[in-house]
Each structure stands twice: as structure tokens, then as C-alpha cells.
K.L.:
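Have a look at this one before I ask anything.
As the structure lists them, so they are numbered: ligands from 1, and atoms in each ligand from 1.
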Amino acid sequence: MSTYGIDLGTTYSCIARLDSNGNPEVIRNNEDDSNMVASVVFFENEHNVVVGQAAKENIETDGDRVVQFVKREIGKPNGRTYTFDGKTYTPVEISALILTRLKNLVESQGNEIENVVITVPAYFGLEERSATKQAGELAGLRVLSLINEPTAAALSYCARQFQEDRTILVYDLGGGTFDVTVVKMSMTRNEQGKDVQKINVLATGGDDRLGGKDWDDKLFDYILRACCDENGLTQEEIEVETRQDIRSKVEEVKRKLSKKQSAKVRIDVNGARTEISITRAEFENMTSDIVARTINWIDSTLEKVPNVEIDTVLLVGGSTYMPMIQKAVEAKFPGRVQQHDPDQAVAKGAAIYASMLVVEEGSVQGGETSDDNSAEKTPSAVEQLTAKFTVEDQTPRSFGPGVMDTKGSKQKYVLENFIKIGEKMPAVFSKTYYPLEDNQERVRLRAFENMSLEDTLIPCVDEEGNPQITDPANAVKLLGELIVNLPPETSRTTPIKVTFKVDASGVHVEAVNTKTNEVFETFLRTESDIDVEKSAVHQLRISAD
Ligand code: ADP
Ligand code: MG
């Protein structure tokens with residue numbers, strides 16, 4: 001089988017597939033003696049680009065030639081770029097280099113790779129999703145689909161311990177991000193009349209600047225101070241090489257403390273070899289505030305789904321190997337915490353989903369999907385496993401147009417949410433509006449995404465009544481604008497039908513002048529395209545009267 005699941009992580013990435021018995025297995029990175037590939041790229045010179053642990057080792061010495069945490073930049077508006085040796089790379093291209101390294105890992109072991117599913121955080125918007133897909137394609141992979149990371153983790157958990165109708169809280173503490181997601185698994189009958197387990201995301205929360213790196217930083221400070229004390233030096237007197245030496249060793253010390261009660265590390269302090277010891281209890285003390293922050297995030301995420309009872313808490317992400325995390329979460333959810341391969345679960349779940357899609361594709365095309373080529377149709381282990389699940393693709397945001405509400409004494413610009421977060425994709429919604437005035441020449445129909453479940457939102461408006469594109473509370477974001485030209489003498493009662501369609505590839509906006517049947521669908525996305533002639537006049541209004 002040439003089908004794989006990829007966890008394209010902020011700090012570490014992982015690739016997995018199902019073996020011939022239908023069990024998920026991670027492809028080992030023998031070069032780094034690890035199951036992971038560090039998501040770090042080192043541009044050594046114009047002929048050599050290094051990805052993985054070897055790249056990571058250059059962070060201290062050659063930091064300006066190293067790119068890390070690129071996942072934070074992918075698909076962001078006005079995204080940054082990286083230039084080395086006269087060549088400029090986008091976050092998509094950097095991500096493609098990491099994906100290529102994963103692809104090479106498979107191929108170097110004599111295996112083929114063609115179809116993949118790549119995981120993304122549940123809170124990723126459509127731009128980040130399509131950029132991730134693009135990165136996969138750029139790496140020469142056929143991206144069957146993307147899947148939310150917590151959904152993938154839940155899938156690999158269920159493949160292990162199948163249970164119907166569960167609500168799972170996924171606690172994912174990685175290297176630089178912390179995500180809390182509530183997912184619901186429920187039995188449902190699919191279109192073929194078969195009972196399958198459906199997985200839905202109910203709520204998400206977290207902090208994209210909270211992760212294992214915060215623990216590394218605390219350890220770094222501790223070891224630096226200890227080095228000063230041992231040698232009677234001030235922090236200013238510590239040489240940059242010594243800092244580099246500490247920096248390159250903290251992650252290893254942290255990992256040791258997950259296994260043992262204490263750890264020792266040797267540091268070359270300005271030329272003097274110094275041994276520093278630290279106990280797990282000391283480490284836990286100095287980081288207890290960060291642990292508490294993750295627990296607060298659980299509370300605020302659960303507030304979004306007040307009537308939901310959590311059956312199981314899944315610990316995901318490499319940082320949950322730290323016993324202090326297991327203890328803190330166990331204290332909050334006694335007897336309900338589960339942890340299995342926390343750094344591999346997401347990739348394994350993606351591998352299961354990828355195989356599900358290939359099985360589905362095969363059954364639609366009537367193709368042979370079993371590993372053995374036997375003529376009688378006994379389902380393979382992969383088919384048996386994947387037949388149990390269905391993953392519904394859901395909208396990661398709410399979407400709708402900005403229109404004028406003319407009811408009441410003062411007209412106001414409102415955002416009408418056509419499609420709400422969590423709806424099944426593809427999602428389609430239409431509504432008829434009317435020009436604001438007689439003889440209106442055109443309509444500038446703005447499309448927004450946001451994180452609200454309300455039917456109507458009032459976006460921020462500037463002094464002239466122009467909508468502002470930011471509203472932090474609901475994360476309102478202007479996606480773009482559609483210009484609808486109106487023929488002369490259009491009246492204010494001419495119906496204009498507006499349609500939004502959202503699918504995995506993005507948002508499609510369309511407006512039809514139902515009097516002339518003229519269709520408008522050229523969507524202007526970039527700010528430079530739409531930042532002209534802002535006016536409250538060129539709008540649609542909600543009611544016909
Ligand atoms: P990502 O953030 O890319 O999703 P992971 O889930 O693999 O990455 O988590 C990476 C983080 O987990 C890093 O900060 C790493 O130091 C940490 N980590 C991995 N193994 C351990 C361990 N045994 N003990 C403590 N931290 C660990
Ligand atoms: Mg991760």
C-alpha cells in the first residue's frame with residue numbers, strides 16, 4: 001500500500017501507515033534514530049538544504065539560516081517569506097521541504113508513497129488548510145484529504161479500544177502549541193444503511209504560544225544560574241558558547257526527567273567543565289505555573305459546551321510524556337485519562353483515515369483494495385477496521401456577507417452568518433437582498449469568516465460606516481469582496497440572490513441579479529484589490545420594504 005498519514009507538526013513531524021494486518025505503524029527515521037523528523041530546515045548553502053535533527057543542531061550557531069515553527073506562518077494573510085542565497089521561500093515551500101523529507105524517508109526504505117492525509121489543528125481556517133494541501137502537492141504527494149489533529153488522535157484511540165458514543169477531550173501539548181479539543185463519537189447510519197461511528201469536533205481552545213519550549217526555557221534559566229553559582233560568575237560573564245552548550249542540552253535533560261527522578265548534565269562553562277544536577281521535583285516546582293495555564297485552558301474550553309460530559313481525556317503530544325502533566329490532568333479527571341503513543345497518535349490516526357478514503361475510493365471504482373489479490377471478496381484487515389468509522393468534514397469557521405440592516409431608526413452594517421462553525425461540508429446557503437438605494441450603480445459585497453455561532457454579528461465599523469476587518473472577540477476576518485455591477489435604473493427592490501458555498505477547498509461566493517439573471521462570482525481576495533473606494537453606499541440591505 002502506498003497510502004500514508006502525516007502529522008506535519010510545529011516542532012516535530014511524523015509519518016505512518018497501516019501494516020498488512022491493519023495496524024498503524026510509524027515509519028522510523030533511522031538517520032536521527034527517532035520516530036520523528038524535527039520540523040526544522042537549515043539552509044546550509046545554495047546547494048544544500050538540511051531537514052530534521054541535523055538542522056536543529058544549527059539553531060544556536062547559525063540561527064539566521066534556520067527556519068523553525070513555520071506552521072505558525074502557513075496560510076496567514078500577508079505571510080512572511082524567507083530568503084537564503086538569493087532565493088525566496090514561502091511558508092508553503094518550507095513546509096513542502098519538510099514533507100519531502102518524510103517522503104524520502106519512505107522511499108529510502110524501498111517503499112512507494114502516493115496518497116496521503118495530512119493533519120491540521122482543528123482551529124485552522126480555510127486559508128491555512130488550503131496552504132497545507134498545497135505544500136503536500138508541491139512535495140509531489142497526492143493529498144486525499146486533511147484531517148483535524150484531535151480527530152486523528154481520537155480515531156487512533158478508537159482503533160485500539162472501540163467504544164460507541166463517547167465524548168473525548170483531547171489535550172495536545174506539543175513543542176510550541178497547546179490545543180484542547182472536545183470531540184464526540186456517535187453511532188450513525190450511513191448512506192449505505194450501515195452503522196458507523198461518526199466523529200465531530202464540538203469545541204476548540206488553546207494557546208499557539210504554549211508548549212514544550214516553555215519548559216525548555218525554564219530549564220535553560222535554571223542551568224545557566226547554576227553554572228554561574230558553581231563558577232562564581234555573573235550571567236553577563238557567561239560566554240555565548242556556554243549558552244549554546246546549555247541550549248543544545250536542555251531538551252535532553254527534560255526528556256531524562258520524564259523517565260528518572262533526577263538528571264545530570266555537563267556544561268563547558270567558559271572553558272571549565274561543570275556538572276549540574278536537577279531533580280524532577282525541582283523541575284516540577286519551577287514549571288507548575290505553565291501546567292496551571294493548560295488546566296485553565298481546559299476550563300475555558302469546557303465552558304463553550306456546558307452540557308457536555310467528558311468520558312475520556314486523551315493525552316497527545318510529546319510534552320505529555322512529562323509525569324507532571326499526567327498527574328495534573330489525572331487530578332482533574334480521575335480515572336478517565338488515557339495516553340497511548342502521544343507523539344505518534346496523530347500520524348497513526350491520519351494513516352487510518354487515509355486508508356479509509358482509499359477503501360472508499362476503491363469501492364466506488366470497484367477496484368481491488370485488499371493487499372492480497374485473492375478473487376473472493378474477503379475484506380482485508382484494513383477494510384474491516386476502517387469500515388467502522390466515518391469522519392464528517394466540518395466547516396472550521398462561520399461564514400457570511402456584510403449587509404445593511406435598515407430596520408429601526410439608524411441603519412447598521414451587520415454580518416449575517418449563512419454557514420456556522422461545525423456544519424457538514426460542503427455547506428451551501430442562499431438569501432435574497434436588495435440594493436440600498438434606487439439607481440445604485442454597484443454593490444460591494446463583503447464576505448467574512450468568524451468564530452461565532454450567532455445568526456447576526458455587528459462588525460466594528462469606522463466613522464464613515466465602513467466595516468473594519470478585525471473583531472478579536474469573534475475573530476471576524478474579511479475574506480474578500482465581490483463587485484456586483486447593477487444596470488442603470490435598478491430599483492431598490494431588485495432582488496439580488498447571494499449564495500455562499502464552503503467546501504474543503506475554500507469559500508465560493510456568488511451573487512445573481514434575479515431580474516437580469518446576471519451572475520457575479522469574481523471574488524477579490526487581497527487587501528490591495530479591495531482597498532479602493534470604501535463606501536457605505538454600495539451595500540445590500542436585508543428587507544425588501
Ligand atoms: P508538535 O508540537 O510538532 O506537534 P510533538 O507533539 O512531537 O510536536 O511534541 C514535541 C515536544 O514534546 C517537544 O517540546 C519535545 O521536547 C517534547 N517531548 C518529546 N518527548 C518528551 C519526553 N519524553 N519528555 C518531555 N518532553 C518530551
Ligand atoms: Mg502535534
Side-chain angles (χ1 to χ4, degrees), residues 5-16 26 29 32-41 51-53 55-56 59 67-74 95 98-99 101-102 118-124 132 146-154 156 170-181 204 206-220 247-261 263 278 280 283-284 287 290-291 294 314-328 339-350:
I6 296 178
D7 171 6
L8 182 61
T10 312
T11 56
Y12 286 93
S13 297
C14 182
I15 181 162
V26 158
N29 173 7
D32 296 341
D33 193 22
S34 166
N35 289 318
M36 309 282 143
V37 169
S39 306
V40 183
V41 184
V51 182
Q53 193 55 36
K56 212 172 163 191
I59 292 173
V67 180
Q68 48 176 345
F69 307 123
V70 72
K71 189 169 169 178
R72 289 182 176 155
E73 308 296 334
I74 199 163
S95 304
I98 300 168
L99 290 165
R101 173 75 204 277
L102 295 169
I118 305 176
T119 65
V120 288
Y123 59 81
F124 256 23
T132 303
L146 304 175
I147 183 172
N148 289 327
E149 285 158 14
T151 306
S156 73
V170 181
Y171 175 108
D172 182 352
L173 187 61
T177 54
F178 174 58
D179 302 318
V180 185
T181 317
T204 64
D207 188 341
D208 66 354
R209 301 281 148 153
L210 172 61
K213 195 180 170 302
D214 295 287
W215 277 261
D216 298 346
D217 291 347
K218 294 269 189 184
L219 259 186
F220 178 89
R247 180 62 71 191
S248 62
K249 286 173 179 159
V250 284
E251 199 176 333
E252 201 190 316
V253 174
K254 179 179 72 172
R255 287 177 197 249
K256 274 190 196 155
L257 288 172
S258 294
K259 283 211 191 92
K260 303 191 300 172
Q261 294 291 340
I278 177 167
R280 185 189 284 172
F283 185 43
E284 294 190 347
T287 52
I290 336 177
V291 179
T294 70
L314 267 190
L315 296 183
V316 178
S319 296
T320 66
Y321 277 119
M322 293 188 288
M324 65 178 103
I325 299 297
Q326 297 153 17
K327 272 189 279 177
Q339 186 188 41
H340 309 280
D341 313 325
D343 49 358
Q344 303 169 23
V346 169
K348 287 181 173 176

K.L.:
If you have a sec, work out which protein heavy atom is nearest atom 8 (O) of ligand 1 and how many Å separate them, to one decimal?
P.N.:
Thr11 OG1, 3.2 Å
K.L.:
Charged N to carboxylate O under 4.0 angstrom, Asp217 versus Arg247?
P.N.:
yes
K.L.:
Can you find a heavy atom in the side chain of Met322 that is under 4.5 Å from one in the side chain of Lys254?
P.N.:
yes
K.L.:
Can you tell me the protein heavy atom closest to atom 26 (N) of ligand 1 and the distance?
P.N.:
Lys254 CE, 3.5 Å
K.L.:
For ligand 1, which atoms, with element, lie under 4.0 Å from some heavy atom of Gly174?
P.N.:
2 (O), 6 (O), 9 (O), 10 (C), 11 (C)
K.L.:
Find the distance between CG (Asp207) and CD1 (Ile290) and round it off to the nearest 0.5 Å.
P.N.:
11.5 Å
K.L.:
Can you tell me which residue and heavy atom of the protein come closest to atom 21 (C) of ligand 1, and the distance to 0.1 Å?
P.N.:
Gly318 O, 3.4 Å
K.L.:
Tell me: protein heavy atom nearest atom 15 (C) of ligand 1, and distance?
P.N.:
Glu251 OE2, 3.4 Å
K.L.:
Pick, from Pro121, Ser319, Gly212, Pro342, the option with the minimum heavy-atom distance to atom 17 (C) of ligand 1.
P.N.:
Ser319
K.L.:
Could you verify whether a donor N or O on one side chain and an acceptor N or O on the other, from Ser39 and Ser13, lie under 3.5 Å apart?
P.N.:
yes
K.L.:
Considering only NZ, NE, NH1 and NH2 on the basic side and carboxylate oxygens on the acidic side, decide whether Glu149 and Lys71 come within less than 4.0 Å.
P.N.:
yes
K.L.:
Looking at Phe69, I'd like to know if the NZ or CZ of Arg72 sits under 6.0 Å from its six-membered ring centre while staying within 45 degrees of the ring's axis.
P.N.:
yes
K.L.:
Whether Glu251 and Lys56 form a salt bridge (side-chain N of Lys/Arg under 4.0 Å from carboxylate O of Asp/Glu) is what I want to check.
P.N.:
yes
K.L.:
Identify the closest protein heavy atom to atom 7 (O) of ligand 1: which residue and atom is it, and at what distance?
P.N.:
Tyr12 CB, 3.6 Å
K.L.:
Please give me the minimum heavy-atom distance between Leu173 and Gly211, naming the atom from each residue.
P.N.:
CD1-CA, 4.0 Å
K.L.:
Quick one: look up the protein heavy atom nearest atom 23 (N) of ligand 1 and list residue, atom name and how far away it is.
P.N.:
Tyr321 CB, 3.4 Å
K.L.:
Quick one: nearest non-hydrogen protein atom to atom 25 (C) of ligand 1, plus distance?
P.N.:
Ser258 OG, 3.3 Å
K.L.:
Go through ligand 1 atom by atom and flag the ones less than 4.0 Å from a non-hydrogen atom of Met322.
P.N.:
25 (C)
K.L.:
Counting heavy atoms only, which of Gly175, Ser34, Gly317, Gly9 comes nearest to atom 10 (C) of ligand 1?
P.N.:
Gly175
K.L.:
Please state which protein non-hydrogen atom is closest to atom 20 (N) of ligand 1 and give its distance, to 0.1 Å?
P.N.:
Arg255 NH1, 3.3 Å
